[in-house]
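This structure is a prediction, so every number in the text was calculated from the model and none was measured. The residues of the chain are indexed from 1 along the displayed sequence.
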Amino acid sequence: MFGPEPGLVYAGLAALVLGVYLFCIKRYFSDYPSTVYVALTFAASLVWYLPIAAVASDGPFLPEGFGALGVGMFVLTVGGSILAFLASFRAIAVGDVSYVAPISKLVAVFVLPIELVFLHEHLSAVQIFGVLVATAAVYVANYEPGKLIDPFVRAAHSRPAQLALASAAIFGVVDVGKRVLMQELQVPPETFNLVLFVVVPLALAPLAARRLPDGVREDLHLFAGVGLLIAVGEHFVMLAFSTLSASLASPIINTQAVIAVLLGGVILGEDAFRVRLVAAAFAIAGVTLITVG
């Protein structure tokens, strides 16, 4: 009766699970081609998610009147998700997770302009300040003693930073598409996750088959493990958004960057750990200001 709001618990659990997932990419899969990793991981997620969806679903697979607009939004969100997951994986594979994670969590910076133009949202002064704070995360993540503009120059020429920013921008488009599907078109969360977990491995299978490395069978248990993390984490995300406003759920879920930074710094001993932890804090603070403004 006096416990925490269930949605807050779900959001916190999602952050924890997905933060561990980000760390696992760097720890166990950095040598894999991105297409192989994403295809196998999402195939494993589908297997894990089937019983979750069976238990959680209490309505039709698609709402009545679902038509061409809904199909188009599915193509946009699922197709964008494939590109974003590939870019995010590659960024973590070639860069330090404590460097990439704060940058890749700047999704809200891209969401707001899209909503402003296409969904007629209004940008408050607090949200504008949040954009500035979130942008500062990129500066801090790239900071090294030297000239004032060096971090921006480094980010502009850093392949991991470019990939992380690309994934954040694409995820921004995807998140707006998810909002339209869930709110305007009333698509059940389980339906979206099932479509995602089916389409991603099927779409990437031809490319993944060409680059399948030797010894992948020995790592199938690892793929099963991260597949479970994605399936559970994404389900917690949907549960959080089903009971909380986005202004509360999104900042909590995005603290996964802090989890990844902590694990990367403590376990992998990555350089500039303290600086990048500050960058993660900036990114989350900016996202919080954007979503609550």
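Remark: Leu220 CG to Leu40 CG distance equals 7.5 Å, nearest 0.5 Å. Interatomic distance, CG of Leu13 versus CG of Leu18, reported as 10.5 Å (0.5 Å rounding). Atom CZ of residue Phe61 and atom OG1 of residue Thr191 lie 4.5 Å apart, to the nearest 0.5 angstrom. The structure places CG of Leu196 at 7.5 Å from CD1 of Ile82, a figure rounded to the nearest 0.5 Å. Taken from CD in Glu234 to CZ in Phe192, the straight-line distance is 8.0 Å, to the nearest 0.5 Å. Distance check, rounded to the nearest 0.5 Å: CG of Leu69 to CZ of Phe74 gives 11.5 Å.
Looking at residues two or more places apart in sequence or on another chain, you find no side chain to side chain donor-acceptor pair (under 3.5 Å) involving Asp175. In this structure Tyr10 satisfies the side chain to side chain donor-acceptor pair (under 3.5 Å) test with no other residue, sequence neighbours excluded.
Closest non-hydrogen pair, Ile230 versus Ser45, comes out as CB-OG, 3.5 Å. Here the closest heavy-atom approach between residue Phe42 and residue Pro201 is recorded as CB-CD, 3.9 Å. For the pair Ala168 and Ile103, the tightest heavy-atom approach, listed with the atom from each and the gap, is CB-O, 4.1 Å. Summarising the geometry of Leu289 relative to Val126, their closest heavy-atom pair is O-CG1, 3.5 Å, with the distance given to 0.1 Å. Here the shortest heavy-atom pairing between Leu204 and Ala39 reads CB-CB, 3.9 Å. Between Ala14 and Gly233, the closest heavy-atom pair is CB-O, 3.9 Å.
Under the 4.5 Å side-chain heavy-atom criterion for grouping Ile, Leu, Val, Met, Phe, Trp and Tyr, Val94 is not connected to Val100 through any hydrophobic cluster. Val47 and Phe85 are members of different hydrophobic clusters when ILVMFWY side chains are connected at heavy-atom separations under 4.5 Å.
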Step-by-step side-chain contact (heavy atoms from CB on, under 4.5 Å) determination, Val71 to Phe66 = CA-CA 8 Å; Val71 173; Phe66 187 81; 4.1 Å; yes
Before giving the answer on side-chain contact (heavy atoms from CB on, under 4.5 Å), spell out for Phe29 and Thr41 the whole-Å C-alpha distance, their side-chain angles and the decisive distance to 0.1 Å.
-> CA-CA 11 Å; Phe29 300 100; Thr41 301; 5.7 Å; no
Intermediate values then yes/no, side-chain contact (heavy atoms from CB on, under 4.5 Å), Leu163 and Ser88 = CA-CA 7 Å; Leu163 290 167; Ser88 178; over 6 Å; no
Which is it for Val216 and Tyr32 under the side-chain contact (heavy atoms from CB on, under 4.5 Å) test, yes or no, and what are the steps along the way?
-> CA-CA 9 Å; Val216 68; Tyr32 272 92; 3.8 Å; yes
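Panel note: side chain Trp48, backbone Leu229; no donor-acceptor pair is recorded below 3.5 Å. With hydrogens and angles ignored, the 3.5 Å screen pairs no side-chain donor or acceptor of Ser167 with any backbone N or O of Ala87. Side-chain N or O atoms of Thr77 include one that pairs as donor or acceptor with a backbone N or O of Met73 at under 3.5 Å.
The shortest side-chain heavy-atom distance between Glu190 and His235 falls under the 4.5 Å cut-off. You'll find the side chain of Tyr21 stays beyond 4.5 Å of the side chain of Val17, heavy atoms only.
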